[in-house]
Structures are given as C-alpha cells and as structure tokens.
Amino acid sequence: MKRIVLCCSAGMSTSLVVTKMRKEAGERGMTVEIYAIAEQGLRDELENFGSDIQVVLLGPQVRFKLAENKKLTDAHQIPIAVIDPVAYGTLNGAKVLDQAMSLVS
C-alpha cells in the first residue's frame, strides 16, 4: 500500500488534517495510507518505508525544514512540499489530498 506522510512538530492540527484526508480518500475510493509523524522521525521513516512512500508533506509550522528534508526525500526519489497554509488552517482534507496527489508522478 502506498503512503502519504505528513510531518509536523507533533501538533494536534496535523492529526485532524490526516483524519479529514483519510475520509476524503475513502470517498474517492483510493487505497492509500495517510499518517502523521514528527518531523524529527522522517529519516527513520524513509529508511524503513521509503519504497512505499508516495509523497511527504510538511506542516506549515516546520516549513523552515524543507531544504534539509528535501535532501533526504531526494535520495529516495520522493516528492516533498509544504502543506498549503490555508488548507492546513481550515482542515481542508480534500485540498491537502489534492496537493499530495499533484506531486505524485
């Protein structure tokens, strides 16, 4: 199963976005695992599940870590981006899911 990984600073908002994204994916009939991890754990996540990860999204609160984490994801040929702040702030799971899927080639 393919994975969409959201990285944050372990905040509550990201888990709410994940819940909304899962609901939207289910309504679309998509088979994808969506979950959040602390940004500090991305290196281990890539080492353990890199071949299954389709895309990594960073929460807006850790956007300053994009360049650092892009080096990690590039090594696994996985796209990475910062979640649209408006979609994140309004818990718009559909828009965040669309953003994730737009990054998958």
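Note that the numbering runs from 1 along the sequence shown for the chain. Side chains are part of it too, since the values below use all heavy atoms of this structure and drop only hydrogens, waters and symmetry mates.
- Arg28 CZ: more than 12 foreign heavy atoms inside a 6.0 Å radius.
- Atoms CD and OG1, on Glu33 and Thr31 in that order, are 11.5 Å from each other to the nearest 0.5 Å.
- The minimum heavy-atom distance linking Leu58 with Leu66 is given by the pair CD1-CA, 3.6 Å.
- To the nearest 0.5 Å, the span separating CG on Asp74 from NZ on Lys71 amounts to 10.0 Å.
- Side-chain atoms of Arg22 come within 3.5 Å of backbone atoms of Ile34 as a donor-acceptor pair (strictly under, hydrogens ignored).
- Val104 and Leu6 end up in the same hydrophobic cluster when Ile, Leu, Val, Met, Phe, Trp and Tyr side chains are linked at under 4.5 Å.
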Apply side-chain contact (heavy atoms from CB on, under 4.5 Å) to the pair Glu45 and Tyr35, showing each step before the final yes or no.
CA-CA 11 Å; Glu45 195 71 16; Tyr35 58 95; 2.4 Å; yes

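- Of all the heavy atoms in Gly93 and Met21, the pair that sits closest is O-CG, 3.5 Å.
- We find the CD-CZ distance between Glu39 and Arg63 to be 13.5 Å, quoted to the nearest 0.5 Å.
- Within the 3.5 Å criterion, the main-chain N or O of Val82 finds a donor-acceptor partner in the side chain of Gln99.
- Tracing side-chain contacts under 4.5 Å through hydrophobic residues (I, L, V, M, F, W, Y), one reaches Met30 starting from Leu57; they form part of the same cluster.
- Note that CG of Leu72 is 4.5 Å distant from CZ of Arg43, once rounded to the nearest 0.5 Å.
- The two residues Cys7 and Leu42 come nearest to each other via the heavy atoms SG-CD1, 3.9 Å.
- For the atom pair Lys20 NZ and Leu97 CG, the distance stands at 13.5 Å (nearest 0.5 Å).
- With a 6.0 Å radius and a threshold of 12 heavy atoms from other residues, nucleotides or ligands, Gln77 has its CD atom at or below the threshold.
- The nearest pair of heavy atoms linking Val96 to Tyr88 is CG2-N, 4.5 Å.
- Heavy atoms only, all atoms of each residue included: His76 and Gly50 are closest at ND1-CA, 4.3 Å.
- Residues Val32 and Val5 do not share a hydrophobic cluster, clusters being chains of Ile/Leu/Val/Met/Phe/Trp/Tyr side chains in contact below 4.5 Å.
- In this structure, Asp98 CG and Asn92 CG are separated by 8.0 Å, a value rounded to the nearest 0.5 Å.
- Following chains of ILVMFWY side-chain contacts shorter than 4.5 Å, one cannot reach Ile53 starting from Met101, and the two form parts of different hydrophobic clusters.
- Residues Ile78 and Ile83 do not share a hydrophobic cluster, defined by chaining ILVMFWY side chains whose heavy atoms lie under 4.5 Å apart.
- Pro60 approaches Pro85 most closely through the heavy-atom pair CG-CA, 3.9 Å.
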For side-chain contact (heavy atoms from CB on, under 4.5 Å), just list the numbers for Thr19 and Leu91, CA-CA rounded to whole Å, side-chain angles, deciding distance to a tenth of an Å, and then say yes or no.
CA-CA 9 Å; Thr19 299; Leu91 304 177; over 6 Å; no

